[in-house]
**Q** 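Shown below is the structure under consideration.
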2 protein chains.
Amino acid sequence: MKQQDHLFLSAQTVDEASRIFKALGDPTRIKILYLLSQEECSVSHITEVLDMTQSAVSHQLSLLRKLRLVKYRREGTTLYYTYDDEHVITVLNQVLTHIKC
Amino acid sequence: MKQQDHLFLSAQTVDEASRIFKALGDPTRIKILYLLSQEECSVSHITEVLDMTQSAVSHQLSLLRKLRLVKYRREGTTLYYTYDDEHVITVLNQVLTHIKC
DNA sequence: CACATATATGAACATATGCTCATATATATG
DNA sequence: CATATATATGAGCATATGTTCATATATGTG
């Protein structure tokens, strides 16, 4: 195939895809998203389940928020996070299932 | 949910998944894998189409090889690369399609 | 308002990443 | 063997990433 005959991806599409995959390309964020795929979670719950510092979890949630992969609601002083991108959760679960097989 | 009631992912599963996603989490590698999803390519062809240095492409191919996402056959001095993980290509195309919509 | 609890955030730091540049390796050909 | 072509690889470097530590912010309660 000649260069001009390729089905090109726009730079925008490639960047968007790589941002999504980069978000999934870290063990901590995979664990967080997997947790959120099962249930709404407070920050302290995530912190306990993953056995990490509150700060580390909060930083990762901040990153996932920027990418609009998660959102939260407040109840008093507690913030409850949920996932905010069904498709990303589907992709994550597909890959996890594939690996476990 | 209590900590012990979660469906846990093994550390191995999480690490394997994050390695795959990390591989896809770079624009250059997305472009390479997308190219290879369309046709077998020589290194020089990839280099031309992506307009990158031969060294940069070769380093990325080396990384993709380590992860067994691509393989190659030799014909004289030319190496022809193909993808080596159907599932990863499927996931890539799913995400690309989803973004383009 | 004072204090407690839950969470967020900024700085700092160690490590990972992706590229360039120079050079090595492998194959083909005369 | 000498030379050319295609590709791989190591070192170096700038930037990105993920965590910790200290501290800020937000809400609730007495």
Side-chain angles (χ1 to χ4, degrees), chain A residues 3 11 14-36 39-82 84, chain B residues 3 11 14-36 39-82 84:
Chain A
Q3 182 161 349
V14 172
D15 284 353
E16 174 69 9
S18 73
R19 250 180 293 134
I20 289 173
F21 286 125
K22 202 169 280 187
L24 296 171
D26 171 75
T28 297
R29 289 190 294 273
I30 287 183
K31 289 179 204 160
I32 290 176
L33 288 172
Y34 181 72
L35 256 181
L36 296 183
E39 59 171 351
E40 185 182 53
C41 294
S42 68
V43 177
S44 56
H45 181 69
I46 299 174
T47 300
E48 283 165 26
V49 174
L50 301 194
D51 191 25
M52 293 181 59
T53 66
Q54 178 268 319
S55 180
V57 169
S58 197
H59 276 298
Q60 294 293 8
L61 287 171
S62 159
L63 191 153
L64 293 171
R65 253 186 290 131
K66 273 180 204 152
L67 295 171
R68 299 188 187 283
L69 300 187
V70 303
K71 63 186 174 191
Y72 65 89
R73 67 181 177 85
R74 178 181 287 276
E75 206 168 279
T77 60
T78 303
L79 303 188
Y80 290 96
Y81 278 81
T82 49
D84 196 24
Chain B
Q3 182 161 348
V14 172
D15 283 354
E16 174 70 9
S18 74
R19 252 180 291 133
I20 289 174
F21 286 124
K22 204 170 279 188
L24 295 171
D26 171 75
T28 297
R29 289 191 294 273
I30 287 183
K31 290 179 204 162
I32 290 174
L33 288 171
Y34 182 72
L35 255 180
L36 297 182
E39 59 172 349
E40 185 182 55
C41 294
S42 67
V43 177
S44 55
H45 181 69
I46 299 173
T47 300
E48 284 166 24
V49 173
L50 299 195
D51 190 27
M52 293 181 61
T53 66
Q54 178 268 318
S55 180
V57 169
S58 199
H59 276 297
Q60 294 293 9
L61 287 170
S62 159
L63 191 153
L64 292 172
R65 253 186 290 131
K66 272 181 206 153
L67 295 171
R68 299 188 188 286
L69 301 187
V70 303
K71 63 187 174 188
Y72 65 89
R73 68 182 176 85
R74 177 181 287 277
E75 207 169 278
T77 59
T78 302
L79 303 188
Y80 290 97
Y81 277 82
T82 49
D84 196 23

**Q** Tell me, please, which residues at least two apart from A:Tyr72 pass side-chain hydrogen bond (donor to acceptor under 3.5 Å, both in side chains).
**A** none
**Q** Could you name each residue pair satisfying side-chain hydrogen bond (donor to acceptor under 3.5 Å, both in side chains) that touches residues 19-29 of chain B, not counting sequence neighbours?
**A** B:Glu16-B:Arg19, B:Arg29-B:Gln60
**Q** Any side-chain N or O of A:Thr53 under 4.0 Å from OP1/OP2 of D:dC21?
**A** no
**Q** Heavy atom of residues 56-73 of chain A under 4.0 Å from DNA chain C: which residues?
**A** A:Ser58, A:His59, A:Arg65
**Q** Could you say whether A:Asp26 or B:Leu79 is positioned toward the 5' end of DNA chain D, judged by the nucleotide with the nearest heavy atom to each?
**A** B:Leu79
**Q** Just the rounded figure in Å: distance from P of C:dT5 to CD of A:Glu48.
**A** 14 Å
**Q** Between C:dT20 atom C1' and B:Asp51 atom CG, what is the distance in whole Å?
**A** 15 Å
**Q** Return the set of residues passing side-chain hydrogen bond (donor to acceptor under 3.5 Å, both in side chains) with A:Arg73 (not counting sequence neighbours), or none when no residue passes.
**A** A:Glu40, A:Glu75
**Q** Flag the pair B:Leu64 / B:Ile32 as yes when at least one side-chain heavy-atom distance between them is below 4.5 Å, and no otherwise.
**A** yes
**Q** Out of curiosity, A:Asp15 CG to A:Ile20 CD1, how far, rounded to the nearest 0.5 Å?
**A** 11.5 Å
**Q** Between B:Leu33 and B:Leu69, what is the shortest heavy-atom contact and its length?
**A** CD2-O, 4.4 Å
**Q** Hey, does B:Ser55 reach any base, or is it just sugar-phosphate, or nothing, if we go heavy atoms under 4.0 Å?
**A** base
**Q** Nearest 0.5 Å, please: how far is CG in B:Leu61 from NZ in B:Lys71?
**A** 14.5 Å
**Q** Considering heavy-atom distances to DNA chain C, does A:Val43 or A:Lys22 have its closest nucleotide positioned more toward the 5' end?
**A** A:Val43
**Q** Which nucleotides of nucleotides 24-30 of chain C have their base under 4.0 Å from a protein heavy atom (B), which only their sugar-phosphate (S), and which neither (-), written as one string 5' to 3'?
**A** --SBS--
**Q** Check the distance between C:dT17's C1' and B:Ile30's CD1 and give it to me in whole angstrom.
**A** 15 Å
**Q** Using the side-chain hydrogen bond (donor to acceptor under 3.5 Å, both in side chains) criterion, which residues pair with B:Ser42? Sequence neighbours excluded.
**A** B:Ser44
**Q** Just the rounded figure in Å: distance from C1' of D:dT17 to CE of A:Met52.
**A** 13 Å
**Q** Quick one: does B:Ile30's side chain get under 4.5 Å of A:Phe21's, heavy atoms only?
**A** yes
**Q** Check every strand shown and say whether A:Tyr80 touches a base, only sugar-phosphate, or nothing at a heavy-atom separation below 4.0 Å.
**A** nothing
**Q** Give none if C:dC13 has no partner; otherwise give the nucleotide forming a Watson-Crick or G-U wobble pair with it, both distances under 3.5 Å.
**A** D:dG18
**Q** Is the shortest side-chain N/O distance from A:Arg29 to OP1 or OP2 of D:dT17 below 4.0 Å?
**A** no
